[in-house]
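Fair warning: this is a prediction, and the values are worked out from it, not measured in the lab.
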Amino acid sequence: MNRTTDDDQDLLAHVLLPVAHEEDARATARELEPYQPKRVTALHVVEKAGGAPDKTPVEQSEELAEESYVAVRSVLPDADDHTTYARDVVGAIFDAAEEVDATAIAYRSRGGNRLMQFLSGDLSLKLVTQANRPVIALPRADSDG
């Protein structure tokens, strides 16, 4: 099936851009920027432990989120931001996409070998197989490793 240019524009009308940290945010924004999305909302998910001590203090996680948003805006100056707190990162991404009415979720795989992907639950696989809206897998630059 051929898609029209209008379909492509609708897909990029409002992109949700999950980012993990400053370096990831900048690299991910750089990969999205050439596609000229109309609107971008950067998302940082603060991982909660669900009763156990959190991986990092909330204040530190919020600083990490803010640094990530600044990095995204260095490439996409008009990007909005959205922070959420959850144990299930992929579920939080889907919930955020619903909350901001995103037309697509764009992400850049964080790489790692198969063992690391298995141990982390392969978030990329969950993103592309369980989403209720289009998911755009952005390319990784050669320098990403």
Side-chain angles (χ1 to χ4, degrees), residues 1-52 54-112 116-141 143-145:
M1 179 172 123
N2 292 330
R3 299 184 66 125
T4 66
T5 301
D6 289 340
D7 291 336
D8 294 337
Q9 292 302 317
D10 290 341
L11 181 67
L12 299 172
H14 186 182
V15 175
L16 183 70
L17 191 69
V19 293
H21 50 75
E22 183 179 357
E23 182 181 327
D24 171 66
R26 184 170 290 106
T28 303
R30 283 183 184 145
E31 293 300 333
L32 177 61
E33 193 272 336
Y35 299 99
Q36 302 176 346
K38 290 181 182 172
R39 183 174 174 202
V40 174
T41 298
L43 169 69
H44 183 84
V45 179
V46 176
E47 289 186 71
K48 301 296 288 178
D54 295 331
K55 291 180 180 177
T56 57
V58 172
E59 295 81 17
Q60 184 178 353
S61 296
E62 290 174 341
E63 286 178 27
L64 186 65
E66 191 56 41
E67 291 168 358
S68 298
Y69 299 145
V70 169
V72 168
R73 286 190 193 102
S74 72
V75 179
L76 302 163
D78 296 328
D80 295 323
D81 59 67
H82 186 88
T83 304
T84 190
Y85 304 81
R87 184 175 182 184
D88 173 12
V89 173
V90 174
I93 293 170
F94 295 155
D95 289 346
E98 189 73 32
E99 289 174 31
V100 303
D101 196 26
T103 54
I105 300 166
Y107 82 103
R108 191 177 61 95
S109 173
R110 293 180 177 82
M116 287 303 296
Q117 291 176 358
F118 175 76
L119 293 174
S120 68
D122 199 350
L123 300 179
S124 294
L125 180 62
K126 289 180 183 175
L127 268 176
V128 299
T129 60
Q130 298 176 8
N132 64 354
R133 66 197 71 229
V135 175
I136 302 166
L138 298 169
R140 291 182 57 86
S143 62
D144 291 343

Report task. Work out which heavy atom in A131 is nearest to a heavy atom in V135; give both atom names and the distance. Result -> CB-CG2, 3.4 Å
Requested in this report: Flag the pair F94 / L127 as yes when at least one side-chain heavy-atom distance between them is below 4.5 Å, and no otherwise.
Outcome: yes
Query - Stepwise side-chain contact (heavy atoms from CB on, under 4.5 Å) test for R39 and T103 - result: CA-CA 10 Å; R39 183 174 174 202; T103 54; over 6 Å; no
Report summary line: By side chain to side chain donor-acceptor pair (under 3.5 Å), Q130 pairs with (sequence neighbours left out) none
Requested in this report: Compare every heavy atom of A86 with every heavy atom of A92, then report the nearest pair and how far apart it is.
Outcome: CB-CB, 3.6 Å
Requested in this report: Give, for atom OG1 of T28 and atom NE2 of H21, the distance between the pair rounded to the nearest 0.5 Å.
Outcome: 8.5 Å
Report summary line: CG (D101) and CG (L16) are apart, to the nearest 0.5 Å, by 11.0 Å
Report summary line: Only one of V40, T41, V45 passes side-chain contact (heavy atoms from CB on, under 4.5 Å) with L43, and that residue is V45
Report summary line: Rounded to the nearest 0.5 angstrom, the CD-CG distance for Q36 and L76 is 11.0 Å
Requested in this report: Return yes if a side-chain donor-acceptor contact under 3.5 Å exists between Y69 and T83, otherwise no.
Outcome: yes
Query raised in the report: Hey, what do you get for CD (E67) to CZ (R26), rounding to the nearest 0.5 Å?
Result: 10.0 Å
Query raised in the report: Between R133 (side chain) and A102 (backbone), is there a donor-acceptor pair under 3.5 Å?
Result: yes
Report summary line: Taken to the nearest 0.5 Å, the spacing of L64 CG from E59 CD works out to 13.0 Å
Query raised in the report: Of the non-hydrogen atoms in A25 and S68, which two are nearest, and what is the gap between them?
Result: CB-O, 3.3 Å
Report task. Return yes if some donor-acceptor pair links the side-chain N/O of H14 with the main-chain N/O of V100 below 3.5 Å, else return no. Result -> yes
Report task. Rounded to the nearest 0.5 Å, what's the gap from OG on S61 to CD on E66? Could you check? Result -> 13.5 Å
Requested in this report: Measure the shortest side-chain to side-chain distance between D81 and R73 over non-hydrogen atoms and say whether it is less than 4.5 angstrom.
Outcome: yes
**Report entry** 4.5 Å side-chain heavy-atom contact, L12 and I136
**Finding:** yes
Query raised in the report: Heavy atoms, side chains only, cut-off 4.5 Å: are L17 and L138 in contact?
Result: yes
Requested in this report: Search all heavy atoms of H44 against all heavy atoms of A20 and return the closest pair with its distance.
Outcome: CE1-O, 3.1 Å
Report task. Please step through side-chain contact (heavy atoms from CB on, under 4.5 Å) for the pair V19 and V72, ending with a clear verdict. Result -> CA-CA 9 Å; V19 293; V72 168; 4.1 Å; yes
